[in-house]
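Computation of the quantities below employed the complete heavy-atom set of this structure, encompassing side-chain atoms and omitting hydrogens, waters and symmetry-equivalent molecules. By convention in this document, chain letters (A, B, ...) are assigned in the order of the sequence lines, proteins followed by strands, and residues within each chain are numbered from 1.
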Protein chains: 2
Amino acid sequence: MKQLKDTSAEERILEAAKVVFMKYGLYGARMQDIADTAGINKALLHYYFRNKEKMFDKVFEGALQKYFQSVDVFGDTTLPIKERIFKYIDNIVSFLSEYPQMTMFIIKEISINPEMFKEKLQALKRGRTVRFIQALEEEMSAGKLRKIDPVMFMINLHSLCTYPFIAAPLFKHALKANGKDYEKDFSPEKLKQSAKNFVELTLGK
Amino acid sequence: MKQLKDTSAEERILEAAKVVFMKYGLYGARMQDIADTAGINKALLHYYFRNKEKMFDKVFEGALQKYFQSVDVFGDTTLPIKERIFKYIDNIVSFLSEYPQMTMFIIKEISINPEMFKEKLQALKRGRTVRFIQALEEEMSAGKLRKIDPVMFMINLHSLCTYPFIAAPLFKHALKANGKDYEKDFSPEKLKQSAKNFVELTLGK
DNA sequence: TTTGCATTTAACCAAATGGTTAAACCATTC
DNA sequence: GAATGGTTTAACCATTTGGTTAAATGCAAA
């Protein structure tokens with residue numbers, strides 16, 4: 001089992017909890033596994049974070065915070081629409097390059113236990129997405145953007161930016177067959193460019 | 001001849017195992033939970049499927065089988081390229097409409113325990129994807145399709161078809177704010193149409 | 001040096017969990 | 001009716017797991 005060191009115990013525990021919870025989820029994660037990964041005794045976990053759920057909460061809250069930070073740019077009304085979209089692409093792809101498991105973690109845990117996170121989710125969104133969709137519709141009506149289904153556009157945009165990270169293990173496997181180097185196809189820069197192409201292609205310029 | 005009950009115990013167990021394993025994964029799932037869901041005694045599980053891992057194997061094998069069935073059409077060289085793509089879109093979207101959690105289940109379990117599934121994955125793919133990408137490249141060279149990065153195209157195509165199901169819980173939450181009925185935006189038919197538009201747009205006609 | 005406090009540990013504990021066993025049930029066959 | 005064999009169950013068992021406790025350690029202030 002991999003160990004983390006060279007930081008305070010509390011930090012090491014949180015970092016280890018992040019790793020283990022992301023991999024196994026709330027139910028699948030084992031306290032002993034977290035302790036081993038952090039390189040400390042199991043009792044320490046309970047000293048710093050009363051119990052498993054409280055520890056999970058800390059980890060999940062941090063994850064949500066960081067995740068929704070990428071989406072916040074949609075609400076920045078000082079920027080023109082397309083720039084907001086491009087910034088979102090840069091944000092989310094860079095973020096997921098660092099934490100490729102984040103999307104699955106958040107979605108899985110929410111779908112397992114929706115009640116647990118209702119308030120937290122409610123606090124994070126304040127109609128950002130819905131308002132942005134309205135802004136899209138307005139520009140389409142004004143003839144500044146091609147008229148398409150704005151909701152489907154948003155879904156597609158998120159899909160292009162997010163799924164490549166989720167499915168990376170499968171893709172790598174499916175594409176590994178001849179001598180070609182497919183790692184480069186997952187480079188963040190290529191993904192960003194591809195998503196931006198999609199935006200230009202569908203919204204017109 | 002033995003009379004089939006409308007649902008035999010064994011079938012009910014497998015069905016319950018599917019539900020519970022998909023939700024919690026191998027480590028997170030509890031045998032008692034599976035037994036309760038199936039409405040039988042816990043010992044029955046071990047009677048039909050020796051142990052947890054063997055039961056999981058059965059479930060996972062079935063999942064893989066069904067999942068890769070959707071992709072098989074890429075290898076059907078009797079069909080023109082674009083028709084293969086369109087058929088894949090129809091296949092995968094219809095399949096995921098029925099089992100929205102399938103993608104996450106497969107990817108999660110593989111990423112947790114890659115060794116466990118190496119052989120099974122190896123058996124399922126025989127360069128299908130790689131050969132299809134070569135076919136794409138040939139048609140591009142022949143001027144029949146617009147010249148784009150074929151690997152990125154495949155990644156994008158899968159993303160558009162798959163991610164909407166994965167993220168449905170999040171999307172529904174993010175979009176639920178005014179009186180609009182957003183359920184229709186997740187209709188399989190709309191998704192298929194949107195993915196096909198993407199294909200036409202990027203590969204040219 | 002000693003006091004006080006945060007940090008750390010080994011040793012436990014009760015409950016949950018995967019798994020076993022032996023017996024009961026029940027329809028069919030002899 | 002007895003034997004057969006697949007099906008079902010309650011009662012167990014050993015291990016794992018989340019959580020507790022009391023004592024040890026280190027360290028900074030008095």
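Between the CG atom of B:D36 and the P atom of D:dT9 there is a distance of 12 Å, given to the nearest Å. What separates CZ of A:F56 from C1' of D:dG18 is a distance of 16 Å, to the nearest Å.
Residue pairs satisfying the side-chain hydrogen bond (donor to acceptor under 3.5 Å, both in side chains) criterion with at least one member in residues 154-167 of chain A, sequence neighbours excluded, are listed as follows: A:Y88-A:H158, A:N156-B:S194. Identified under the salt bridge (charged side-chain N to carboxylate O under 4.0 Å, His left out) test for residues 90-113 of chain B, with sequence neighbours left out: B:D90-B:K196. Listed by first and then second residue, the salt bridge (charged side-chain N to carboxylate O under 4.0 Å, His left out) pairs involving residues 26-43 of chain B amount to none (not counting sequence neighbours).
Within 4.0 Å (heavy atoms only), A:Y48 reaches sugar-phosphate atoms of the nucleic acid but no base atom.
Shown here are the side-chain contact (heavy atoms from CB on, under 4.5 Å) partners of B:K118, two or more places apart in sequence or in another chain: B:E115. Take A:P188 and apply the side-chain contact (heavy atoms from CB on, under 4.5 Å) test, not counting sequence neighbours, and it matches A:V93, A:S97. For B:D76, the side chain to side chain donor-acceptor pair (under 3.5 Å) partners two or more places apart in sequence, or in a different chain, are B:T78.
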Run the side-chain donor-acceptor check on residues 61-74 of chain B: report pairs under 3.5 Å with partners two or more places apart or on a different chain.
unit_1, atom_1, unit_2, atom_2, d
B:K66, NZ, B:Y99, OH, 3.4
B:D72, OD1, B:R128, NE, 3.1

### Task
Assign a letter to each nucleotide of nucleotides 9-25 of chain C from its 5' end: B, base within under 4.0 Å of a protein heavy atom; S, sugar-phosphate only; -, no contact.
BB------SBBBB----

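The six-membered or imidazole ring of B:F105 lies near that of B:F60, with a centre-to-centre distance under 6.0 Å.
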Using the 3.5 Å cut-off, write out each protein N or O paired with an N or O of nucleotides 24-28 of chain D and the distance between them.
none

